[in-house]
*Asks:* 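The following block contains the structure, expressed as structure tokens.
From a predicted model like this one, the values you see are computed outputs, not experimental measurements.
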Amino acid sequence: MWKKSQTYFIGASTLLTISMFFCPLATILAPEGEELKIMYYEKLPYIVMLIMLMTAGICAFLCHKFPLLQARVCMLSALMLTGFQIWLGVDFFRFHNDMVFSPTIVFPLICTILNAMSARKALIDGMTLQAVKSLKKNSRK
């Protein structure tokens, strides 16, 4: 499990997703100089999306013995992360005059890249294992 690079990519992606639970989304600056932080968990759609992404990351991490399944879960997670990034981008352009967004707004993009790379590696591993199994089966005949 730890010998494969996709394990590290999936782990980093899952940790970045989990870190979004504890990081602020944006800060609103009040006229009196007060700062009001808006967290990801304060918006119900964001918390639901983060729970789904965290679950997908953990499932992909635990599917290391089944590389083709791991690749599918990683690609599904990458697609969900792309949608979440677009969603955050729309909110950014809608509210960029009222709020100061934190750098965590680009975490889904980074996680998408990591998941796509891990899916590619898992697909290569899965196809290699299938080729070896079919060669062994053909050599026995």
*Asks:* In terms of hydrophobic clusters joined by side-chain contacts under 4.5 Å, are Ile51 and Leu16 together?
*Replies:*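 Ile51 and Leu16: one cluster.
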*Asks:* Do the side chains of Phe84 and Thr112 get nearer than 4.5 Å, heavy atoms only?
*Replies:*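 Side chain of Thr112 against side chain of Phe84, heavy atoms only: no contact under 4.5 Å found.
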*Asks:* Quick one: are Thr17 and Leu50 in side-chain contact, heavy atoms under 4.5 Å?
*Replies:*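 Thr17 vs Leu50: side chains touch.
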*Asks:* Please examine the side chains of Ile10 and Leu114, heavy atoms only from C-beta on, and report whether any two atoms are closer than 4.5 Å.
*Replies:*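 Heavy-atom side-chain distance check fails, nothing below 4.5 Å.
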*Asks:* Would the number of heavy atoms belonging to other residues, nucleotides or ligands and lying under 6.0 Å from CZ of Phe95 be above 12?
*Replies:*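 Yes, CZ of Phe95 has more than 12 neighbouring heavy atoms, counting only those of other groups under 6.0 Å.
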*Asks:* For Phe107 versus Ser19, what's the shortest heavy-atom pair and its separation?
*Replies:*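 Looks like CE2-OG, 3.5 Å.
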*Asks:* Quick check: is Met127 connected to Leu69 through a chain of hydrophobic side chains (ILVMFWY, heavy atoms under 4.5 Å apart)?
*Replies:*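 Per the 4.5 Å side-chain linkage, Leu69 and Met127 are not co-clustered.
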*Asks:* Can you get from Ile113 to Phe9 by hopping between Ile, Leu, Val, Met, Phe, Trp and Tyr side chains that sit under 4.5 Å apart?
*Replies:*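 Per the 4.5 Å side-chain linkage, Ile113 and Phe9 are co-clustered.
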*Asks:* Do Leu109 and Leu81 touch side chain to side chain, with heavy atoms closer than 4.5 Å?
*Replies:*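 Leu109 vs Leu81: side chains apart.
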*Asks:* Any chance you could measure Met99, atom CE, to Thr27, atom OG1, to the nearest 0.5 Å?
*Replies:*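 Result: 10.0 Å between the selected atoms.
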*Asks:* Treating Ser77 as the side-chain partner and Cys74 as the backbone partner, does any N or O pair qualify as donor plus acceptor under 3.5 Å?
*Replies:*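 No; zero donor-acceptor contacts below 3.5 Å.
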*Asks:* Rounded to the nearest 0.5 Å, what separation is found between the CD1 atom of Ile110 and the OG atom of Ser13?
*Replies:*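 Going from CD1 on Ile110 over to OG on Ser13, the span is 10.0 Å.
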*Asks:* Are Phe101 and Phe92 close enough that their ring centres sit under 6.0 Å apart?
*Replies:*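 Here the rings of Phe92 and Phe101 have centres that are less than 6.0 Å from each other.
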*Asks:* Mind checking the OG1-CD1 spacing from Thr14 to Ile58? Nearest 0.5 Å is all I need.
*Replies:*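 Taking OG1 in Thr14 and CD1 in Ile58, the distance rounds to 6.5 Å.
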*Asks:* Strictly distance-based, threshold 3.5 Å: is any side-chain N or O of Gln70 a donor or acceptor partner for the main-chain N or O of Ala122?
*Replies:*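 Absent.
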*Asks:* Could you walk me through whether Leu25 and Leu88 pass the side chain to side chain contact (heavy atoms under 4.5 Å, CB included) check?
*Replies:* CA-CA 9 Å; Leu25 167 66; Leu88 289 173; 4.0 Å; yes
*Asks:* Working to the nearest 0.5 Å, report the span between OG of Ser102 and CE of Met39.
*Replies:*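 The OG atom of Ser102 sits 9.0 Å away from the CE atom of Met39.
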*Asks:* Are any of the side-chain heavy atoms of Met49 and Leu53 separated by less than 4.5 Å?
*Replies:*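 Contact flag for Met49/Leu53 side chains = yes.
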*Asks:* Going by salt bridge (charged side-chain N to carboxylate O under 4.0 Å, His left out), name the residues that satisfy it together with Asp125, two or more places apart in sequence or in a different chain.
*Replies:*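 Applying salt bridge (charged side-chain N to carboxylate O under 4.0 Å, His left out) to Asp125 gives none.
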*Asks:* Once side chain to side chain contact (heavy atoms under 4.5 Å, CB included) is applied, do any residues pair with Gln130, and if so which ones, sequence neighbours excluded?
*Replies:*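 Expected list: Leu68.
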*Asks:* Should Met20 and Ile18 be counted in the same cluster of Ile, Leu, Val, Met, Phe, Trp and Tyr side chains packed under 4.5 Å apart?
*Replies:*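 Yes, because Met20 and Ile18 connect within a single hydrophobic cluster, where side-chain heavy atoms sit under 4.5 Å apart.
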*Asks:* Closer than 3.5 angstrom, by distance alone: can the side chain of His96 be matched with the main-chain N or O of Phe93 as a donor-acceptor pair?
*Replies:*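 A pair under 3.5 Å: yes.
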*Asks:* Between Gln85 and Ile105, is there a donor-acceptor pair closer than 3.5 Å when you use the side chain of the first and the backbone of the second?
*Replies:*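 Judged by distance alone, yes, a pair lies under 3.5 Å.
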*Asks:* Roughly how far, to the nearest 0.5 Å, is CD1 of Ile124 from NZ of Lys4?
*Replies:*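 Output value for this atom pair is 12.5 Å.
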*Asks:* Does the ring centre of Tyr40 sit less than 6.0 Å away from the ring centre of Phe22?
*Replies:*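 Aromatic pair excluded; centres sit 6.0 Å or further apart.
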*Asks:* Take Leu76 and Arg72, measure what side chain to side chain contact (heavy atoms under 4.5 Å, CB included) needs, and give me the verdict at the end.
*Replies:* CA-CA 6 Å; Leu76 180 66; Arg72 289 180 183 137; over 6 Å; no
*Asks:* So how far is it from Met117 CE to Asn115 CG, rounded to the nearest 0.5 Å?
*Replies:*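 One finds 9.5 Å between CE of Met117 and CG of Asn115.
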*Asks:* Quick one: are Ile47 and Phe21 in side-chain contact, heavy atoms under 4.5 Å?
*Replies:*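 The answer is yes, as the side chains (C-beta and beyond) meet within the 4.5 Å cut-off.
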*Asks:* Kindly work out whether a path of hydrophobic side-chain contacts (I/L/V/M/F/W/Y, heavy atoms less than 4.5 Å apart) joins Leu123 to Met75.
*Replies:*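 Leu123 and Met75: separate clusters.
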